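These notes concern the structure reproduced below.
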Amino acid sequence: MYGCESWTLDKETIRRIQAAEMWFLRRILKISWAERTSNEEVLRRAGVKKEAVHIVRKRQLSFVGHIYRKDDLERLTLTGRVQGKRDRGRQRVTFLHSLNQGVTQGTRSKTEFLRLAEDREEWRLMTADVCNRPGT
């Protein structure tokens, strides 16, 4: 999880994180892949829920809130306002776009999303709400 604050989470990355989490649980519980035990059974035996993606999202939100409240080079880098031409082809999914999609499911614009970061208490409430919501 080192450096997960800067990961751009897409469907493939989320799938890989969840697969790694299940692999770790199987190793801890000493369940062989040959036993053909379902993921639900592994989670039941371990007495846990899938949490790796929630942890990554929480760390990302804390990081974005911290950086956005400062008025430094990091904030400029985070918002992506750099002079010059953009590359040809399809636009890449940016860090903020993937975080906004994962948190608000596209209900808020990137500008509204970042304005929330300026108010620490409002940001903490949103972070707590997102981390407690299933499927994020």
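All values derive from a computational prediction rather than experimental measurement.
Counting heavy atoms from C-beta on, the side chains of Val42 and Leu29 come closer than 4.5 Å. For the pair Trp123 and Glu118, the minimum side-chain heavy-atom distance is 4.5 Å or more. Contact check for Leu9 versus Gln60: side-chain heavy atoms found under the 4.5 Å cut-off.
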Next item on the list: Walk me through it: do Glu5 and Val64 pass the test side-chain contact (heavy atoms from CB on, under 4.5 Å)?
Entry: CA-CA 8 Å; Glu5 293 86 359; Val64 166; over 6 Å; no

Next item on the list: Before giving the answer on side-chain contact (heavy atoms from CB on, under 4.5 Å), spell out for Ile14 and Arg57 the whole-Å C-alpha distance, their side-chain angles and the decisive distance to 0.1 Å.
Entry: CA-CA 11 Å; Ile14 290 172; Arg57 289 273 188 224; 3.9 Å; yes

Next item on the list: Give the C-alpha distance, both sets of side-chain angles, the deciding distance and a yes or no for side-chain contact (heavy atoms from CB on, under 4.5 Å) between Thr13 and Thr8.
Entry: CA-CA 8 Å; Thr13 309; Thr8 300; over 6 Å; no

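To the nearest 0.5 Å, the span separating CD on Gln18 from CG on Asn39 amounts to 9.5 Å. Residue Lys58 holds its NZ atom at 8.5 Å from CG of Leu61, rounded to the nearest 0.5 Å.
Phe24 and Ile17 fall into different hydrophobic clusters, defined by Ile, Leu, Val, Met, Phe, Trp and Tyr side-chain heavy atoms under 4.5 Å apart, directly or through other members. Under a hydrophobic-cluster definition in which Ile, Leu, Val, Met, Phe, Trp and Tyr are linked whenever side-chain heavy atoms come within less than 4.5 Å, directly or via other members, Ile28 and Val48 are assigned to different clusters. Grouping the Ile, Leu, Val, Met, Phe, Trp and Tyr side chains by contacts below 4.5 angstrom, directly or via other members, places Val53 with Met1.
Here the side chain of Trp7 pairs no donor or acceptor atom with the backbone of Val56 at under 3.5 angstrom. In this structure a side-chain-to-backbone donor-acceptor pair under 3.5 Å is missing from Arg124 to Asp119.
The side-chain hydrogen bond (donor to acceptor under 3.5 Å, both in side chains) contacts involving residues 40-53 comprise Glu41-Arg44, Glu41-Arg45, where partners must be two or more places apart or lie in separate chains.
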